[in-house]
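Positions are given from 1 along the sequence. Whatever order the structure lists them in is the order used to number ligands and atoms, beginning at 1.
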Amino acid sequence: MGASPLAAAPLPVIDPSGIGGTAAVEDAMASYYVKRASYYERVYHKPERQTDLRAMEAWLGPRLAGRRVLEVACGTGWWTPHGARQARRWLATDLNPETMAVARTKPLPAGVVEFRPADAYTLAELGDETFDAAFAGCWWSHVPLQRLSAWLGTLHARLEPGARVVMLDNSFVQTSSTPITHADAQGNTYQMRTLDDGSTHEVLKNFPTPEQAIAALGPRARDPQWIDFHHYWVLEYQLS
Ligand SMILES: C[S@@+](CC[C@H](N)C(=O)[O-])C[C@H]1O[C@@H](n2cnc3c(N)ncnc32)[C@H](O)[C@@H]1O
């Protein structure tokens with residue numbers, strides 16, 4: 001696992017909302033990804049991450065084979081073809097049509113994948129459909145700590161008993177990750193990111209320890225498995 005980004009000098013603690021609210025931080029993150037959509041996948045071309053990525057891509061498909069999978073925050077769909085290749089059904093969702101427009105161009109298994117705009121925090125756009133698996137790539141890290149439990153509850157409410165859940169996300173690796181600039185009063189950490197147009201964006205990005213992530217899963221989670229891929233982590237579990 002990468003070094004903790006909080007292990008070195010204490011970070012300045014700032015509450016960007018002033019009242020501990022998260023809406024402004026979440027809106028800023030969502031619009032940052034709209035602006036970045038056309039070149040977002042450059043992050044998947046970092047040379048030092050290639051070995052981990054190939055291993056994870058190969059690992060993912062069989063874990064979700066034969067399942068009806070809900071993917072939240074699919075973005076440009078880097079993981080969608082890998083996850084969906086043996087799935088029975090795959091509903092890929094994201095708040096932003098702009099990122100999903102890129103995802104729709106991916107080589108996807110015929111008749112399996114559907115895209116639909118949906119807010120991960122409500123999943124209200126999904127009607128009453130339920131699933132026997134869920135997947136989220138590089139989304140957990142953007143969920144404010146104070147919303148994590150409620151978000152997981154909303155996701156789990158869509159999942160049937162016996163469902164398999166796979167989350168993956170970035171580990172903090174000093175030589176590869178964008179530095180953490182500060183933490184807020186709730187313990188969320190932030191990075192300052194620059195887009196191609198020169199604009200700078202403060203983005204909430206958390207790096208949980210395995211213990212922190214597993215502790216957040218709630219009462220239905222069974223048999224959690226944490227896999228350390230060095231630049232990334234994977235957390236897989238079942239629901240009762
Ligand atoms: C870091 S990207 C992850 C994309 C992709 N899953 C991956 O692993 O490459 C985060 C994604 O979250 C989406 N997003 C932001 N707020 C969201 C929300 N409230 N509900 C669903 N998706 C959201 C953004 O549009 C963006 O595509």
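Nearest to atom 16 (N) of ligand 1 by heavy-atom distance, out of Trp78, Tyr33, Trp140, Trp139, is Trp139. Among Thr99, Asp119, Asp27, the residue whose heavy atom lies closest to atom 19 (N) of ligand 1 is Asp119. Remark: among candidates Tyr44, Trp151, Tyr121, the nearest residue to atom 7 (C) of ligand 1 is Tyr44, based on non-hydrogen atoms.
The contact set between ligand 1 and Cys138, taken as ligand atoms under 4.0 Å from a residue heavy atom, comprises 1 (C), 3 (C), 8 (O). Atoms of ligand 1 found under 4.0 Å from any heavy atom of Trp79, numbered from 1 in the order shown, are 7 (C), 8 (O). Interface of Ala118 with ligand 1, defined as ligand atoms under 4.0 Å from a residue heavy atom, comprises 20 (N), 21 (C). Close approach to Asn96 involves these atoms of ligand 1, each under 4.0 Å from a residue heavy atom: 24 (C), 25 (O). Interface atoms of ligand 1 facing His142, defined by a heavy-atom separation under 4.0 Å, are 1 (C). Heavy-atom contacts of Gly75 reach the following atoms of ligand 1: 4 (C), 27 (O) (cutoff under 4.0 Å).
For Arg104, the CZ atom sits in a packed shell: over 12 heavy atoms of surrounding residues, nucleotides or ligands are nearer than 6.0 Å. By the 6.0 Å contact criterion, CG on Asp197 is enclosed, its count of non-hydrogen atoms from other residues, nucleotides or ligands being greater than 12.
Taking the six-membered ring for Trp and the full ring otherwise, Tyr32 and His142 have centroids separated by 6.0 Å or more.
Between Tyr190 and His182, the ring planes are parallel. Angles under 30° get that label, and only those over 60° would be called perpendicular.
The protein heavy atom nearest to atom 22 (N) of ligand 1 is Leu95 N, 3.2 Å. Residue, atom and distance of the protein heavy atom nearest to atom 5 (C) of ligand 1 are Cys74 O, 3.3 Å. What sits closest to atom 4 (C) of ligand 1 on the protein, heavy atoms only, is Ala73 O, 3.5 Å. The nearest protein atom to atom 11 (C) of ligand 1, hydrogens excluded, is given as Asp94 OD2, 3.7 Å; this is a heavy-atom distance. The closest protein non-hydrogen atom to atom 20 (N) of ligand 1 is Ala120 N, 2.8 Å.
The side-chain heavy atoms of Phe131 and Val69, taken from C-beta on, include no pair separated by under 4.5 Å.
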Practice task
Decide yes or no on salt bridge (Lys or Arg N to Asp or Glu O under 4.0 Å) for Glu114 and Arg89, but give the supporting numbers first.
Solution key: CA-CA 8 Å; Glu114 181 191 344; Arg89 163 165 167 68; 3.0 Å; yes

Exercise for the section: Give the intermediate values and the outcome of side-chain hydrogen bond (donor to acceptor under 3.5 Å, both in side chains) for residues Asp94 and Thr99. Expected result: CA-CA 8 Å; Asp94 195 282; Thr99 55; 3.2 Å; yes

Practice task
Given side-chain hydrogen bond (donor to acceptor under 3.5 Å, both in side chains), test Glu236 with Trp226 step by step and report yes or no.
Solution key: CA-CA 7 Å; Glu236 178 190 331; Trp226 178 276; over 6 Å; no

Exercise for the section: I would like to know whether Arg193 and Thr178 meet side-chain hydrogen bond (donor to acceptor under 3.5 Å, both in side chains); could you show each step before the answer? Expected result: CA-CA 8 Å; Arg193 301 184 181 183; Thr178 305; 5.0 Å; no

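Annotation: cation-pi geometry satisfied between Arg147 and Tyr121 (NZ/CZ under 6.0 angstrom from ring centroid, within 45° of ring axis).
Residue-level proximity to ligand 1 for Met29 is carried by the side chain, the only part with a heavy atom below 4.0 angstrom.
Annotation: Gly137 places an N or O atom under 3.5 Å from an N or O atom of ligand 1; distance criterion only.
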